[in-house]
S.K.: 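Handing you this structure, nothing more for now.
Residue numbers begin at 1 in each chain, while the letters A, B, ... track the order of the sequences. On a predicted model such as this, the values are computed, not experimentally measured, just so you know.
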2 protein chains.
Amino acid sequence: MIAKAQTQTAAEGLPPVAAQARRFGKARSAQSHARMEDYAELISDLIAAQGEARATDIARRLGVSHATTIKFLARMKAEGLVTSQPYRGVFLTAAGAALAERTRKRHRLVVDLLVAVGVPQDVAEADAEGIEHHVSDAALAAFARFVDAR
Amino acid sequence: MIAKAQTQTAAEGLPPVAAQARRFGKARSAQSHARMEDYAELISDLIAAQGEARATDIARRLGVSHATTIKFLARMKAEGLVTSQPYRGVFLTAAGAALAERTRKRHRLVVDLLVAVGVPQDVAEADAEGIEHHVSDAALAAFARFVDAR
DNA sequence: TCCAATATGTAGCCTTGGCTACAATTGGCA
DNA sequence: TGCCAATTGTAGCCAAGGCTACATATTGGA
């Protein structure tokens with residue numbers, strides 16, 4: 001009875017293996033972009049609010065150690081998203097700024113959608129931080145239509 | 001000009017440091033529970049659909065190697081969520097079954113909500129896989145009210 | 001009955017993203 | 001002007017969760 005119903009059949013009610021695997025894989029890899037997006041958006045916000053983004057501030061706001069932040073910023077620099085001189089602040093490249101802008105728009109739209117369906121504002125803000133990285137463009141478009149149509 | 005506006009002030013437009021750090025921290029740690037939930041739900045689905053959950057099937061459906069699955073199952077066993085005999089299938093404990101049920105309910109509710117705001121069914125299914133782990137109980141309650149009220 | 005295919009388990013490696021501890025630089029102010 | 005505190009950078013550690021390669025167990029069918 002052990003190796004019987006295993007020949008790709010007998011999947012009553014379950015999605016096809018390939019589709020489900022793709023889905024889970026996408027959810028997994030979304031997580032690696034997520035941090036980049038968080039950083040880009042936060043750096044952009046900090047520059048807008050106080051004129052510069054400093055590693056220590058970023059670390060404090062993300063709730064991680066400054067060492068973690070500096071290591072991550074090195075990765076973003078390698079990917080051409082930020083620039084920095086030693087002991088000067090962090091700046092976004094054009095690519096980084098574009099990523100920040102896209103992320104911010106998506107973040108706002110997710111919050112708006114959540115609020116529109118009745119989620120309290122503060123809960124919406126908090127949940128959006130996790131949700132936003134998993135919303136596809138197709139879903140985002142639907143969100144925009146729904147929010148606009150109200 | 002470098003170390004000037006840093007004394008917790010000058011946060012025009014930005015959320016308070018502590019709140020934002022908590023938010024990001026929560027989003028980060030949600031990710032560790034996420035995998036447990038995925039496994040529990042999938043095991044439950046497999047048992048329902050084909051009478052047993054086998055490591056190879058789980059691996060195939062998650063899109064990871066069987067070695068990864070077996071290592072992860074060991075962790076779940078250590079946490080009392082599943083049991084298994086060597087070369088027999090995997091079974092959920094009461095705690096594991098409860099987790100699966102909670103996760104499944106949440107998953108369905110997220111899909112329903114997405115569909116209700118106009119996201120196509122297949123997109124909703126795919127996105128929900130990533131989104132569901134970041135939806136708080138408060139937001140979930142709002143989702144339920146919204147979906148019911150239609 | 002026994003063997004080959006499949007499933008399961010183990011070992012060892014890699015990357016990511018955390019951390020602490022220590023080193024170096026900067027800049028304000030006494 | 002020189003020193004001290006804060007910021008920034010470096011080094012080395014850890015756990016999680018991937019992987020491949022190899023070892024072991026099981027079972028259906030020749």
S.K.: What about A:Tyr87: does its side chain form a donor-acceptor pair under 3.5 Å with the base of D:dT8?
M.R.: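 Under the 3.5 Å cut-off, the side chain and the base do form a donor-acceptor pair.
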S.K.: Using centres under 5.5 Å plus planes under 30 degrees as the test, is A:His66 stacked with D:dT7?
M.R.: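 So no, this residue does not stack on that base, at least one cut-off failing.
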S.K.: For B:Asp57, is there an ion pair with B:Arg54 - N to carboxylate O distance below 4.0 angstrom?
M.R.: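 Not counted as a salt bridge, because no side-chain N and carboxylate O are separated by less than 4.0 Å.
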S.K.: Separation of A:Ile58 atom CD1 from D:dT7 atom P, in whole Å?
M.R.: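 About 13 Å, once rounded to whole Å.
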S.K.: Could you give the CG-to-C1' distance, from B:Leu73 to C:dT10, as a whole number of Å?
M.R.: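 For the pair B:Leu73 CG and C:dT10 C1', the rounded distance is 15 Å.
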S.K.: Any donor-acceptor pair under 3.5 Å linking the side-chain atoms of A:Glu37 with those of A:His133?
M.R.: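 Judged by distance alone, the side chains do pair up.
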S.K.: At under 4.0 Å, does any side-chain N or O of B:Arg60 touch on OP1 or OP2 of C:dT6?
M.R.: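 So the side-chain polar atoms of B:Arg60 never come under 4.0 Å of the phosphate oxygens OP1 or OP2 of C:dT6.
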S.K.: B:Arg88 CZ to C:dT8 P: how many Å, rounded?
M.R.: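 Interatomic distance, CZ of B:Arg88 to P of C:dT8: 10 Å.
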S.K.: Look at the side chain of A:Ala67 and decide which nucleotide, out of D:dT26, C:dC19, C:dG9, has an atom nearest to it.
M.R.: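 Comparing D:dT26, C:dC19, C:dG9 against the side chain of A:Ala67, the answer is C:dC19.
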S.K.: Can you tell me how far C1' of D:dA6 sits from CD of A:Glu52, to the nearest Å?
M.R.: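 From A:Glu52 CD to D:dA6 C1': 14 Å.
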S.K.: Decide whether B:Val123 and A:Phe24 are clustered together by the hydrophobic rule: side chain heavy atoms of Ile, Leu, Val, Met, Phe, Trp, Tyr closer than 4.5 Å, transitively.
M.R.: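 No, because B:Val123 and A:Phe24 fall into different hydrophobic clusters, even though each may have its own neighbours under 4.5 Å.
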S.K.: Does B:Thr56 have a side-chain nitrogen or oxygen under 4.0 Å from the phosphate oxygens OP1 or OP2 of C:dT6?
M.R.: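 Result: no.
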S.K.: Identify the heavy atoms of A:Ile43 and A:Ala53 that sit nearest to each other, and give their distance.
M.R.: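 Closest approach of A:Ile43 to A:Ala53, heavy atoms only: CG2-CB, 3.8 Å.
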S.K.: Taking atom C1' of D:dG18 as reference, at what distance in whole Å does atom CD1 of B:Ile70 sit?
M.R.: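 In whole Å, D:dG18 C1' and B:Ile70 CD1 are 14 Å from each other.
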S.K.: Taking atom types as modelled, find out whether A:Lys77 and A:Thr83 have a side-chain donor-acceptor pair closer than 3.5 angstrom.
M.R.: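 Not at all, the side chains of A:Lys77 and A:Thr83 share no donor-acceptor pair under 3.5 Å.
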S.K.: What is the distance from CZ of A:Arg61 to C1' of D:dT7, rounded to the nearest Å?
M.R.: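 My rounded result for the distance is 17 Å.
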S.K.: I need the CG-P distance between B:Asp57 and C:dA7, as an integer number of Å.
M.R.: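 After rounding, the reported distance stands at 8 Å.
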S.K.: With the criterion being N/O to N/O and under 3.5 Å, what pairs connect the protein with nucleotides 16-18 of chain C, and how long is each?
M.R.:
{"unit_1": "C:dG17", "atom_1": "OP2", "unit_2": "A:Arg75", "atom_2": "NH1", "d": "2.0"}
{"unit_1": "C:dG18", "atom_1": "OP1", "unit_2": "A:Arg35", "atom_2": "NE", "d": "3.0"}
{"unit_1": "C:dG18", "atom_1": "O6", "unit_2": "A:Lys71", "atom_2": "NZ", "d": "2.5"}

S.K.: Expressed as a whole number of angstroms, how long is the span from B:Arg54:CZ to D:dT27:C1'?
M.R.: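 To the nearest whole Å, that distance equals 10 Å.
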S.K.: Evaluate the ring planes of B:Phe146 and A:Phe146, with Trp represented by its six-membered ring, and classify them as parallel (under 30°), tilted (30 to 60°) or perpendicular (over 60°).
M.R.: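 Geometry flag for A:Phe146 against B:Phe146: perpendicular rings.
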S.K.: For B:Ser44 and B:Arg104, which heavy atoms make the closest approach, and how far apart are they?
M.R.: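 Heavy-atom minimum between the residues: OG-NH2, 2.5 Å.
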